[in-house]
Amino acid sequence: MASPHRPTVSTRSYDGHERRHAHDHHQIVLPVAGTLDMEVGGACGRVGDGRGVLVADGVPHSFRSGGTNRFVVLDVPSAGLVPEAAVRACDAFFTIDGALDGLVRYLAAEAADRPLDPVLAHHSAGLLLRALEARQPPPISTDPIDRALALMAERCAESLTVAELAEAAGLAPSRFHERFRARTGSTPAAMLAELRLDRAEALLRDGRLPLAEVALAVGFSDQSALTRSLRRRRGITPGAVRRSR
């Protein structure tokens, strides 16, 4: 298929024959009914049952379907809607959450009898590509201290050891401790304590959990330990934090 000059949106059905090719435009396939087994650049998956696929231009792919099926297919020019790097960063197969499912149903209804008009197709393709970009997990940092900080933020309620943090950073414990202090001006233990108190204050301002549950949720043994830490930190009490909402 020749590269489209502008995005096109249509509905298609596929027979049971397996085909393999590549094209010079991006393609997004969204399930309406049935399933489509695909291999995209070495990754295998199924389009259907709440899963879609994005095939970047030039990527070899094969597909095969059996039984009754129907899909919304967006053919998108390789440039113009989102940066190429964003398209390449997206996983081929993606989960269709509630918001995306609403868009799929809308496109399926609008393109049921004929392809979408060019203006609507352009806006729909741009919206979908940006939605997929926004749903990608943040890239893993190559900086060892950034990796350790990310682990601490994710698991601040746990009793993380320097050895565990050094392993996440890919450094020997002594070297990790030295680089951590040079980067942050703090020790790992002190930073972890600050992260716990930040999380505790956020939960207290939210107001939905009692103090004892907040303490346990952020890694303190009991509410007294949390109260003492908050007082030492800023001379405040949990009640004062709640009243500051």
- Query: If we only count heavy atoms from C-beta on, is the Ser124 to Pro7 side-chain gap below 4.5 Å?
  - Reply: no

- Item | Any donor-acceptor N/O pair, Asn69 side chain to Tyr14 backbone, under 3.5 Å | yes

- Query: Is any side-chain heavy atom of Phe180 closer than 4.5 Å to a side-chain heavy atom of Ile145?
  - Reply: yes

- Measure the shortest side-chain to side-chain distance between Ser224 and Arg228 over non-hydrogen atoms and say whether it is less than 4.5 angstrom. yes

- Message: Run Val40 and Val59 through side-chain contact (heavy atoms from CB on, under 4.5 Å) and show every step you take.
- Response: CA-CA 7 Å; Val40 181; Val59 176; 3.9 Å; yes

- Message: Are Gln27 and Val29 packed together at the side-chain level, in the sense that at least one heavy-atom pair is separated by less than 4.5 angstrom?
- Response: yes

- Message: Nearest 0.5 Å, please: how far is CD in Glu39 from SG in Cys44?
- Response: 5.0 Å

- Test side-chain contact (heavy atoms from CB on, under 4.5 Å) on Leu36 and Phe71 and set out the steps. CA-CA 9 Å; Leu36 187 66; Phe71 302 89; 3.5 Å; yes

- Determine yes or no for a side-chain-to-main-chain donor-acceptor pair under 3.5 angstrom, with His61 supplying the side chain and Ala22 the backbone. no

- Item | Verdict with reasoning, Asp143 to Arg147, per salt bridge (charged side-chain N to carboxylate O under 4.0 Å, His left out) | CA-CA 6 Å; Asp143 182 85; Arg147 291 198 297 270; over 6 Å; no

- Query: Are the ring centres of Phe63 and His17 closer than 6.0 Å?
  - Reply: no

- Task: Decide yes or no for Leu100 and Leu132: does some side-chain heavy atom of the first lie under 4.5 Å from some side-chain heavy atom of the second?
- Result: yes

- Note on the structure: So CG of Leu128 and CG of Leu107: to nearest 0.5 Å the spacing works out to 7.5 Å

- Query: Taking all non-hydrogen atoms of both residues, which atom of Thr35 and which atom of Gly48 are closest, and how far apart?
  - Reply: CG2-CA, 4.2 Å

- Note on the structure: Rounded to the nearest 0.5 Å, the CG atom of Leu211 sits from the CZ atom of Phe220 at a distance of 10.5 Å

- Message: Nearest 0.5 angstrom please: Leu103 CG to Asp97 CG, how far?
- Response: 10.5 Å

- Query: Quick one: does Arg19's side chain get under 4.5 Å of Arg64's, heavy atoms only?
  - Reply: no

- Message: Show the nearest heavy-atom pair for residues Ala168 and Leu151, with the distance to one decimal.
- Response: CB-CD2, 3.7 Å

- Query: Taking all non-hydrogen atoms of both residues, which atom of Leu171 and which atom of Pro144 are closest, and how far apart?
  - Reply: CD1-CB, 4.0 Å

- Query: Please walk me through it: do Leu129 and Ile28 pass side-chain contact (heavy atoms from CB on, under 4.5 Å)?
  - Reply: CA-CA 9 Å; Leu129 283 168; Ile28 303 171; 3.7 Å; yes

- When you check the side-chain N and O atoms of Thr95 and Arg51, is any donor under 3.5 Å from an acceptor? yes

- Item | Under 3.5 Å donor-acceptor, His26 side chain and Ala56 backbone | no

- Message: I'd like to know if the side chain of Glu178 reaches the main chain of Arg175, judged simply by a donor and an acceptor atom lying under 3.5 Å from each other, with no hydrogens or angles considered.
- Response: no

- Are Leu160 and Val162 joined in one hydrophobic group, where the rule is that I, L, V, M, F, W and Y side chains link up if heavy atoms are under 4.5 Å apart? yes

- Query: With hydrophobic residues grouped by side-chain heavy-atom distances under 4.5 Å, do Phe176 and Leu192 end up in a single group?
  - Reply: yes

- Item | Minimum heavy-atom distance between Ile96 and Asp101, given as atom pair plus value | CG2-N, 3.4 Å

- Test item: side-chain donor near acceptor, Asp75 and His25, under 3.5 Å: yes

- Message: Can you give me the closest heavy-atom contact between Pro31 and Val47, atom names plus distance?
- Response: CD-CG1, 3.9 Å

- Leu74 vs Thr8 side-chain heavy atoms within contact, under 4.5 Å: no

- Task: Quickly, which of Arg199, Glu194, Met191 forms a side-chain contact (heavy atoms from CB on, under 4.5 Å) with Cys156? Name it, please.
- Result: Arg199

- Item | Spatial distance of atom CG (Leu120) from atom CG (Leu127) [nearest 0.5 Å] | 10.5 Å

- Item | Leu230 reachable from Leu216 in the ILVMFWY side-chain graph, under 4.5 Å edges | no

- Item | Test item: Val53 and Val55 side chains (from C-beta on) under 4.5 Å apart, heavy atoms | yes

- Message: Is there a path of hydrophobic side-chain contacts, each under 4.5 Å between heavy atoms, that joins Val72 and Leu54?
- Response: yes

- State plainly whether the residues Asp37 and Arg46 are in salt-bridge range, i.e. N to O under 4.0 Å. yes

- Query: In the single-linkage hydrophobic clustering (I, L, V, M, F, W, Y; side-chain heavy atoms under 4.5 Å), do Leu197 and Met152 co-cluster?
  - Reply: no

- Item | Crowding at CZ, Arg70 (>12 non-hydrogen neighbours, <6.0 Å) | yes

- When you check the gap from the basic side-chain N to the acidic O, do Arg183 and Asp146 get nearer than 4.0 Å? yes

- Query: Are the side chain of Arg196 and the backbone N or O of Glu158 linked by a donor-acceptor pair below 3.5 Å?
  - Reply: yes

- Does Arg114 CZ have over 12 foreign heavy atoms under 6.0 Å away? no

- For the pair Ser65 (side chain) and Asp15 (backbone), establish whether a donor and an acceptor sit closer than 3.5 Å, ignoring hydrogens and angles. no

- Item | Leu195 versus Ala153, closest heavy-atom pair with distance | CD1-N, 4.0 Å

